[in-house]
Asker: 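This is the structure I want to talk about, given as structure tokens.
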Amino acid sequence: MAAAGVLLFVAVSLACLSVSGNLVSGERSFSIDYKHNCFLKDGKPFQYISGSIHYSRIPRYYWRDRLVKMYMTGLNAIQVYVPWNFHEAVQGVHNFTGDRDLEHFLDLANQTGLLVILRPGPYICAEWEMGGLPAWLLQKPNIILRSADTDYAQAVSNWLAVLLPKMKPWLYINGGNIISVQVENEYGSYYACDYNYMRHLRTLFRFFLGEDTVLFTTDGNTDKEMTCGTLEGLYATVDFGTDTNVTEAFSRQRRFEPRGPLVNSEFYTGWLDHWGDQHAVVDAQKVSRVLGEMLTMGANVNMYMFEGGTNFGYWNGADHDTRFRSVVTSYDYDAPLSEAGDPTEKLLAIRDVIKQFRDIPSGPMPPATPKFAYGFVTLRKVGNVSSLLNTLSPLGPVKSQHPLTFEEMKQYYGYMLYRTTLPRDLSEPTPLISPLNGVHDRAYVSVNGVFRGLLERDTALVMNITGQQGDTVDILVENMGRVNFGSKINDYKGLLSNLILGKDVLTDWKIYPLDIDGAIAARWPHSDSRKYFPTPQKEPLPGPAIYMGTLQPNGLAWDTFLKLYEWTKGQVWINGVNLGRYWPARGPQQTLYIPGPLLSTSLPNNITVLELEGAPAHLRVLFMDRPQLSVPVQ
Ligand SMILES: *[C@@H]1O[C@H](CO)[C@@H](O)[C@H](O)[C@H]1NC(C)=O
Ligand SMILES: *[C@@H]1O[C@H](CO)[C@@H](O)[C@H](O)[C@H]1NC(C)=O
Ligand SMILES: *[C@@H]1O[C@H](CO)[C@@H](O)[C@H](O)[C@H]1NC(C)=O
Ligand SMILES: *[C@@H]1O[C@H](CO)[C@@H](O)[C@H](O)[C@H]1NC(C)=O
Ligand SMILES: *[C@@H]1O[C@H](CO)[C@@H](O)[C@H](O)[C@H]1NC(C)=O
Ligand SMILES: *[C@@H]1O[C@H](CO)[C@@H](O)[C@H](O)[C@H]1NC(C)=O
């Protein structure tokens with residue numbers, strides 16, 4: 001069976017390369033030629049060599065730079081995910097401006113000479129928070145995401161009724177650069193396998209984009225995935241990396257699409273990292289060899305990723321197979337363009353392969369952006385989170401007998417503080433237990449302001465505390481990013497179930513939503529304020545606290561990398577922009593990427609750090625001129 005498929009597709013792909021199209025001149029069209037097994041663009045056979053780039057992971061200022069570098073590598077297309085939650089963080093409120101200006105991004109790609117393969121989801125995976133789905137969907141407690149569930153389907157209809165009409169003028173056939181549009185994403189690897197949902201999506205995409213748009217699906221390279229992920233009228237494509245046998249993978253696509261172009265929608269140039277993993281690398285020689293193999297067959301290839309970028313703020317996703325593992329801040333991905341957009345050896349190797357198949361643009365590859373090592377900056381402590389609640393939680397607490405989730409509190413991202421009191425004297429160490437593993441995802445526990453330790457989802461469900469009846473118990477809970485793949489994407493955050501202390505269920509909570517980003521955006525804490533506390537020399541485990549410092553301007557606004565050497569775990573902002581999470585204690589990522597345009601050349605640059613566990617004795621951070629993503633995990 002497989003061998004027969006192999007012979008079939010080798011014959012047909014050669015046919016595609018030698019076809020001479022009947023071009024109606026001047027007419028813009030993009031379609032599938034089932035007779036000759038290829039795409040047709042304006043009536044002529046067309047093969048795309050594409051790369052994935054996520055505008056949501058790159059500051060707008062750098063979009064053009066990255067696109068030009070992709071064009072100069074010889075790509076003729078880019079592949080773009082649209083993260084729904086990035087554009088509709090609050091239900092019914094849409095944002096398409098600034099870093100979220102998708103149409104500006106499409107325009108820059110068009111100006112650069114790049115076609116676009118659009119992947120509007122609604123689910124995208126992408127190692128992005130909740131796979132791109134907005135967390136407000138979880139307000140319906142038993143919602144079945146990615147199914148024909150009426151509330152989910154209605155929310156999807158509402159969103160696509162906003163997004164797809166915006167995209168319609170950008171379709172190639174309408175004068176834009178979008179040649180094809182993916183429906184859902186690797187749906188076959190989701191347990192629901194709900195054809196009514198896929199039919200609903202097909203109806204919406206057809207309604208808003210017309211009958212003539214090439215719609216396709218992408219699935220992992222197994223029969224089960226291809227069976228649940230494909231639907232008549234949506235062209236079935238596959239995805240696979242360098243360790244897969246190309247011939248066998250395309251034979252599988254052929255079983256589901258006996259005719260039409262061969263397409264690998266995600267050819268993995270690298271891979272993602274989770275906290276606690278080794279840094280993933282994929283060999284450049286392997287990438288170029290397999291790329292060459294696919295292009296020789298006449299296949300259309302999208303390289304995932306070509307430029308990965310950064311999970312700024314709270315946008316990283318997480319996986320949950322045997323246990324919860326959240327994705328690191330960097331999405332460098334060991335891709336041909338680095339996280340900071342610099343051409344790598346892998347890019348040059350790929351360009352050499354592409355040269356054998358098409359003319360690549362003449363002229364030099366734009367260089368790496370300049371980097372600068374601004375050096376050490378000393379920070380000072382602003383205060384413990386528990387003592388800053390007036391500033392960090394301006395709305396004050398909600399009282400509840402039992403803990404409420406982030407979703408119930410309508411604070412979807414970041415941190416919340418749960419406060420209660422000790423119900424009795426505990427002179428002996430007494431276990432504080434999360435019996436149902438309901439801490440999502442990390443809880444930092446203090447008694448009367450003194451940090452006592454932490455609970456962690458799936459790994460640390462019990463700790464000891466002591467104290468006296470009436471002592472204040474503060475539990476800062478961190479949302480480390482919602483699961484983006486698999487059956488556990490209904491990933492509620494906060495304290496999902498009661499905590500037990502000895503024999504008592506803890507009750508009567510005050511729950512403080514924390515708007516740390518809002519406070520920092522309002523220019524808190526003020527760098528010139530004298531109202532800060534000198535840091536005690538011996539504060540071995542201070543617990544959750546805020547620190548700040550200023551990087552004096554030196555006339556440069558070059559890219560740099562921030563190393564939180566000997567800090568433990570937390571979140572950093574510079575000039576009000578949330579750079580993401582750091583966790584050098586767990587690794588592998590050791591530095592955070594700071595795009596130069598975030599820095600001021602003339603004003604003091606304000607650095608704010610939320611350290612959750614323990615700051616180093618010497619309160620300082622280091623700005624370096626190169627990243628460290630691969631420090632070995634102990
Ligand atoms: C929309 O997003 C942009 C870019 O991230 C941001 O600057 C702006 O404040 C947002 N607008 C609103 C109304 O939230
Ligand atoms: C895309 O670029 C082409 C060629 O530069 C131009 O003619 C066309 O108007 C552009 N399309 C859009 C939608 O801007
Ligand atoms: C890939 O699979 C085909 C068919 O099963 C086999 O003939 C070929 O040797 C394999 N290629 C590699 C590189 O393993
Ligand atoms: C913060 O908490 C530590 C104990 O963890 C305590 O020593 C220190 O005084 C507190 N600082 C403030 C400003 O409350
Ligand atoms: C809690 O304290 C008890 C008694 O001191 C000890 O045996 C136990 O190991 C401690 N548990 C943890 C999780 O620290
Ligand atoms: C940093 O904060 C100070 C005051 O707190 C302010 O004067 C300065 O403009 C801020 N720097 C930037 C780059 O916004």
Side-chain angles (χ1 to χ4, degrees), residues 1-11 13 26-30 41-42 63-64 67-68 71 76-78 80 101-116 118 165-179 181 209 213 221-223 238 240-255 262 264 267 283 285-294 296-297 299 361 426-435 437 439 442-445 447 451-456 458-467 499-503 541:
M1 172 91 188
V6 172
L7 290 173
L8 173 69
F9 94 79
V10 170
S13 52
E27 198 178 300
R28 288 172 80 88
S29 66
F30 192 86
K41 181 166 160 281
D42 303 331
W63 287 349
R64 187 195 294 273
L67 292 169
V68 169
Y71 179 77
N76 54 10
I78 58 171
V80 183
D101 192 344
L102 170 56
E103 289 188 74
H104 179 61
F105 183 78
L106 295 175
D107 188 29
L108 291 175
N110 188 51
Q111 287 173 28
T112 309
L114 291 164
L115 297 165
V116 171
L118 191 74
K166 277 183 195 293
M167 297 296 100
K168 191 171 183 182
W170 288 96
L171 294 174
Y172 183 76
I173 49 177
N174 295 335
N177 51 352
I178 298 175
I179 52 173
V181 180
L209 301 178
T213 305
N221 178 30
T222 65
D223 283 342
V238 288
F240 57 89
T242 52
D243 289 335
T244 299
N245 182 312
V246 172
T247 314
E248 287 176 3
F250 282 137
S251 307
R252 184 166 282 105
Q253 189 199 349
R254 274 281 168 260
R255 252 175 264 168
L262 299 174
N264 184 351
F267 172 54
D283 179 60
Q285 299 312 314
K286 258 184 166 176
V287 170
S288 20
R289 180 173 50 73
V290 179
L291 177 64
E293 223 178 296
M294 290 188 289
T296 304
M297 292 171 166
L426 309 170
S427 48
E428 296 298 317
T430 306
L432 174 66
I433 310 169
S434 167
N437 194 13
V439 170
R442 268 183 140 225
Y444 306 88
V445 181
V447 178
F451 183 56
R452 295 299 177 80
L454 57 89
L455 299 171
E456 184 174 333
D458 294 336
T459 45
L461 308 187
V462 54
M463 59 178 277
N464 283 332
I465 57 180
T466 54
L499 295 180
I500 296 180
L501 180 61
K503 294 191 182 75
L541 270 186

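The analysis underlying the following values was restricted to heavy atoms, covering all of them including side chains, and did not include hydrogens, waters or symmetry mates. Read the numbers this way: they start at 1 and go in the same order the structure lists the ligands and their atoms. All of these numbers come straight from a predicted model, not from anything done at the bench.
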Asker: Set out, in order, the CA-CA distance, both residues' side-chain angles and the distance that settles side-chain contact (heavy atoms from CB on, under 4.5 Å) for Thr466 and Arg452, then state yes or no.
Answerer: CA-CA 9 Å; Thr466 54; Arg452 295 299 177 80; 3.3 Å; yes
Asker: Run Val116 and Trp170 through side-chain contact (heavy atoms from CB on, under 4.5 Å) and show every step you take.
Answerer: CA-CA 9 Å; Val116 171; Trp170 288 96; over 6 Å; no
Asker: In the protein, which heavy atom is nearest to atom 2 (O) of ligand 2, and how far is it?
Answerer: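 Ranking protein heavy atoms by distance from atom 2 (O) of ligand 2, first comes Asn110 ND2, 2.4 Å.
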Asker: Assess whether a salt bridge exists between Glu293 and Arg289, defined as any Lys/Arg side-chain N lying under 4.0 Å from an Asp/Glu carboxylate O.
Answerer: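 Result for this pair is yes, salt bridge flagged.
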Asker: Gly175 heavy atoms, cut-off 4.0 Å: which ligand 2 atoms fall inside?
Answerer: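 Contacts of ligand 2 toward Gly175, numbered from 1: 11 (N), 12 (C), 13 (C).
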Asker: What protein heavy atom is closest to atom 5 (O) of ligand 5, reported as residue, atom name and distance in Å?
Answerer: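 Ranking protein heavy atoms by distance from atom 5 (O) of ligand 5, first comes Pro429 CG, 4.0 Å.
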Asker: Using distance alone, determine whether Asn245 and ligand 3 share an N or O pair under 3.5 Å.
Answerer: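 Yes; at least one N/O pair falls below 3.5 Å.
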Asker: Do Arg28 and Asp42 come within less than 4.5 Å of each other through their side chains, counting heavy atoms only?
Answerer: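 Of all side-chain heavy-atom pairs linking Asp42 with Arg28, at least one is under 4.5 Å.
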Asker: Please indicate, with yes or no, if any protein heavy atom is found under 4.0 Å from atom 7 (O) of ligand 2?
Answerer: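 Answer no: nothing from the protein, no heavy atom, is under 4.0 Å.
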Asker: Any idea how His104 and Trp63 line up, ring-wise: parallel (<30°), tilted (30 to 60°), or perpendicular (>60°)?
Answerer: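 Because their plane-to-plane angle lies in the 30° to 60° range, the rings of His104 and Trp63 count as tilted.
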Asker: Could you tell me, atom by atom, which parts of ligand 3 come under 4.0 Å of a heavy atom of Glu248?
Answerer: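 In order of numbering, the contacting atoms are 2 (O), 4 (C), 5 (O).
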Asker: Out of Asn464, Ile433, Leu461, whose heavy atom is nearest to atom 10 (C) of ligand 5?
Answerer: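 Minimum heavy-atom distance to atom 10 (C) of ligand 5 goes to Asn464.
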Asker: Can you tell me which residue and heavy atom of the protein come closest to atom 13 (C) of ligand 5, and the distance to 0.1 Å?
Answerer: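 So the nearest neighbour among protein heavy atoms is Val462 O, 4.0 Å.
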Asker: Below 3.5 angstrom, do we get any N/O pair linking Pro169 and ligand 2?
Answerer: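 So ligand 2 has no N or O lying under 3.5 Å from an N or O of Pro169.
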Asker: Is there a side-chain contact (heavy atoms from CB on, under 4.5 Å) between Met167 and Val181 once you walk through the steps?
Answerer: CA-CA 10 Å; Met167 297 296 100; Val181 180; over 6 Å; no
Asker: Do Asn437 and Asp458 pass the side-chain contact (heavy atoms from CB on, under 4.5 Å) test, and can you show the C-alpha distance, the side-chain angles, and the key distance before you say yes or no?
Answerer: CA-CA 6 Å; Asn437 194 13; Asp458 294 336; 2.6 Å; yes
